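In what follows, a structure is listed as structure tokens, so that the remarks can point back to it.
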Amino acid sequence: MWYVSRMKIQNKIALIFTALCAGIILALSAFVYFFASESISASFFHRLEVRSDIVGHAALQENKSLTSIYYDIKERHLGSLPYEKHRILPDPPDEATRKRLSLPSSFYEAAQSDVPVRYFNRDTSYVVLRVARDNKKLMVVSSALDTYGMQEMGNLKHVLLIGFFIAMVFVFTFGKLFSNEIFKPIRRIIRNVKGINAHNLHQRLVVDPTDDDVEALSRTFNDMLDRLEITFEMQNNFVSNASHEFRTPLTIVSGEAELGMSMPGLPDGAKESFLNIYKEVGKLEHLTNSMLSLAQTGFDGKKEQWEEVRIDELILSVKEAADRIIPENQVAIDFDNLPEDECKLTVNGNLALLKAAFSNIVLNSCKYSDNKPVTVKISADSKYVIVDITDQGIGIPDREIGQIFVPFFRASNTAPYKGYGIGLPLTHNIIRMHQGKADVHSRVGEGTRFTTYLPYKYF
Ligand code: ADP
């Protein structure tokens, strides 16, 4: 049941169609088999009755030469049935005779009417009929085996079974082909919708003017995308404008704090207050700048300046920046797998954004490992330049890994470390802007590995 509910609709339709046809074909086959069997058995009983009648009338003859004429006619014109046997009994038969033949007593009772009675037991057909002449009454019990009829029924069974299986194969194959054909437009829609995300929200589904449900579905999707795009744009504009508006007052407060600190003759306490204001405003500035970048990179339409960027050089500059911010860091760059072809190291992108993206990952690795060794490995495959950043830090709890690219999310084990949960969402947006992807593998207490894939320029 679980499997059926997880199945593709196309396969479900093909299976339901096959099951329906199987039911109809089975019912039809049972019907054919039943009527063929009834008609074969009726005709056999009839042939047995004719022979039984001749035998009965022969037995009634006093004149032996007439008896042999009856038998002669029977043999010559009708022939014998397989295992044909006739028993002439007194009418009504006595108890001893009944016992000897071991036929149900209802059989004899029914035979009291003048209509021949038929009985079928263990492949053998029995007929009992009464014959009378002058004052003499006899009962004839005849039996025979319908071997020919049984063979016919056996053949019919085989033909019906083989026909059933062949029909099922055809029905399933055609069912699948049909459902495949019917679902083609739906699959196209699914493919197109999958390709639409926050970065290309302006894209729309191609609407075939077929005037059917598929057209209505495409139009509904497009309407929904219109609404989504407007909402996204509004949200981004809000974040972007708010961050922008914060910047000037923050710069002023920062400048004033700096000025305050440098005033001569300031009491120690006041100097420390100015220093605290300066530091905290610095953090706020960093936060607003990050939010502004997040808003700008999170939505298509605003393309920054694009240029050729060498990833190895970029990583070196990230390392330099890390050395300035955290002098005690142990970041090491592993060039062992560097591709020889420099084209495989060059991506088309925005230098400042890419630098921000990799700095976020590298600085996180230093931060969450308390400056234990961090390795940055650069390599390439047939399409991407790959950067692996591995640390030996606190790791990310399994069930939270899926959320680390969500803005403002911080894992439950990060309480001792300062942060806002903006760096990785920004990094993710930047990588996606460059048609790349990012993977995270992490184990709590062992460390984390971020792998980024960026398509190189000449791919
Ligand atoms: P934060 O300012 O909190 O570091 P980020 O957006 O940079 O925000 O990261 C989001 C969350 O991802 C972090 O709060 C942390 O839980 C987790 N994280 C990121 N990098 C690492 C890492 N190298 N090791 C462990 N956890 C990490």
Side-chain angles (χ1 to χ4, degrees), residues 198-199 235-236 239 243 246 250 279-299 314-315 318-319 321-326 328-334 352-378 386-434 436-453:
H199 300 276
Q235 191 202 18
N236 266 293
V239 177
S243 319
F246 280 140
L250 283 176
K279 274 191 197 159
E280 292 306 313
V281 168
K283 282 185 201 165
L284 261 180
E285 270 180 322
H286 173 69
L287 183 60
T288 32
N289 285 340
S290 302
M291 279 172 62
L292 187 62
S293 304
L294 188 63
Q296 282 172 345
T297 55
F299 190 68
L314 177 84
I315 295 296
V318 168
K319 160 81 178 140
D323 288 343
R324 269 198 312 277
I325 302 168
I326 316 173
E328 62 277 26
N329 80 75
Q330 295 194 57
V331 176
I333 306 174
D334 171 358
L353 287 179
L354 284 174
K355 192 169 169 185
F358 284 105
S359 298
N360 280 336
I361 304 179
V362 170
L363 292 177
N364 270 350
S365 289
C366 297
K367 175 165 77 175
Y368 293 112
S369 68
D370 297 305
N371 292 322
K372 288 206 190 98
V374 173
T375 336
V376 184
K377 188 177 96 185
I378 309 169
I386 305 166
V387 181
D388 277 300
I389 298 161
T390 314
D391 66 48
Q392 299 163 24
I394 57 169
I396 304 164
D398 249 1
R399 59 178 192 292
E400 296 175 9
I401 282 193
Q403 286 163 276
I404 57 166
F405 295 124
V406 175
F408 300 105
F409 176 82
R410 302 199 72 219
S412 51
N413 57 346
T414 53
Y417 303 90
K418 284 198 178 127
Y420 305 102
I422 289 186
L424 279 192
L426 176 60
T427 301
H428 199 220
N429 281 352
I430 295 172
I431 303 275
R432 284 198 310 198
M433 255 175 114
H434 289 79
K437 51 188 181 174
D439 265 355
V440 192
H441 289 96
S442 187
R443 256 176 200 281
V444 172
E446 288 182 20
T448 305
R449 188 176 81 233
F450 279 88
T451 308
T452 61
Y453 301 82

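Please read these numbers as outputs of a predicted model, since none were measured by experiment. Indexing begins at 1, ligand by ligand and atom by atom, following the structure's order.
- For ligand 1, the polar-atom distance check finds no N/O of Phe450 at less than 3.5 Å from any of the ligand's N/O atoms.
- In this model, no donor atom of one side chain and acceptor atom of the other lie less than 3.5 Å apart for Asp334 and Thr375.
- Residue contact check: Ile422 has heavy atoms under 4.0 Å from atoms 6 (O), 8 (O) of ligand 1.
- Considering both main-chain and side-chain atoms, Asn413 never comes within under 3.5 Å of ligand 1 through any nitrogen or oxygen pair.
- At the shortest separation from atom 23 (N) of ligand 1 among protein heavy atoms lies Asp391 OD2, 2.8 Å.
- When Asp388, Ile389, Val440 are each tested for a side-chain contact (heavy atoms from CB on, under 4.5 Å) with Thr451, only one passes: Asp388.
- The closest approach between Gly393 and ligand 1 stays at or above 4.0 Å for every heavy atom of the residue.
- Close contacts between ligand 1 and Ala411 involve ligand atoms 14 (O), 16 (O) [criterion: under 4.0 Å to a heavy atom].
- At a 4.0 Å heavy-atom cut-off, ligand 1 touches Lys367 through the side chain alone.
- More than 12 heavy-atom neighbours from other residues, nucleotides or ligands sit within 6.0 angstrom of CZ on Phe405.
- Heavy atoms of Asn360 stay at 4.0 angstrom or farther from ligand 1.
- Looking at every heavy atom in both residues, His428 comes nearest to Ala438 through CD2-CB, 4.4 Å.
- Look at Asp391 and Lys372 and you find no salt bridge, because none of the NZ, NE, NH1 or NH2 atoms lies under 4.0 Å from a carboxylate O.
- A donor-acceptor pair under 3.5 Å is absent between the side-chain atoms of Asn429 and the main chain of Leu426, judged by distance alone.
- In terms of polar-atom proximity, defined here as any N/O pair under 3.5 Å, Ile394 makes no such contact with ligand 1.
- The distance from ligand 1 to the heavy atoms of Ile396 drops below 4.0 Å at these ligand atoms: 25 (C), 26 (N), 27 (C).
- Ligand 1 has an N or O atom lying under 3.5 Å from an N or O atom of Asn364, backbone or side chain.
- The closest protein non-hydrogen atom to atom 2 (O) of ligand 1 is Tyr420 N, 2.9 Å.
- Under a 3.5 Å cut-off, the side chain of Ser442 and the backbone N or O of Gly447 do form a donor-acceptor pair.
- For the pair His286 (side chain) and Gly282 (backbone), a donor-acceptor distance under 3.5 Å is absent.
- Close contacts of ligand 1 with Ser365, meaning ligand atoms under 4.0 Å from a residue heavy atom, involve 23 (N).
- Using a 4.0 Å cut-off to heavy atoms of Thr414, the atoms of ligand 1 that qualify are 14 (O), 15 (C), 16 (O).
- The part of Tyr368 lying near ligand 1 is the side chain, judged by heavy-atom distances below 4.0 Å.
- Only the backbone of Phe409 comes within contact range of ligand 1, with a heavy atom under 4.0 Å; no side-chain atom does.
- Residues Tyr420 and Phe408 place their aromatic rings such that the two centres sit no closer than 6.0 Å.
- For atom 6 (O) of ligand 1, the closest heavy atom belonging to the protein is Leu424 N, 2.7 Å.
- For the atom pair CD1 (Ile325) and OG (Ser359), the distance works out to 6.5 Å, reported to the nearest 0.5 Å.
- For Thr448, every heavy-atom contact with ligand 1 shorter than 4.0 Å involves the side chain, none the backbone.
- Rounding to the nearest 0.5 angstrom, the gap separating the CG atom in Leu424 from the CD1 atom in Ile361 is 7.0 Å.
- Among all protein heavy atoms, the one lying closest to atom 3 (O) of ligand 1 is Arg410 NE, 2.5 Å.
- Looking from atom 12 (O) of ligand 1 to the surrounding protein, the closest heavy atom is Ile404 CG2, 3.5 Å.
- By the 6.0 Å and 45° rule, Lys367 does not stack over the aromatic ring of Tyr417.
- For ligand 1, the atoms lying closer than 4.0 Å to a non-hydrogen atom of Pro425 are 6 (O).
- The line from CG of Asp370 to CD of Glu328 is 10.5 Å long, rounded to the nearest 0.5 Å.
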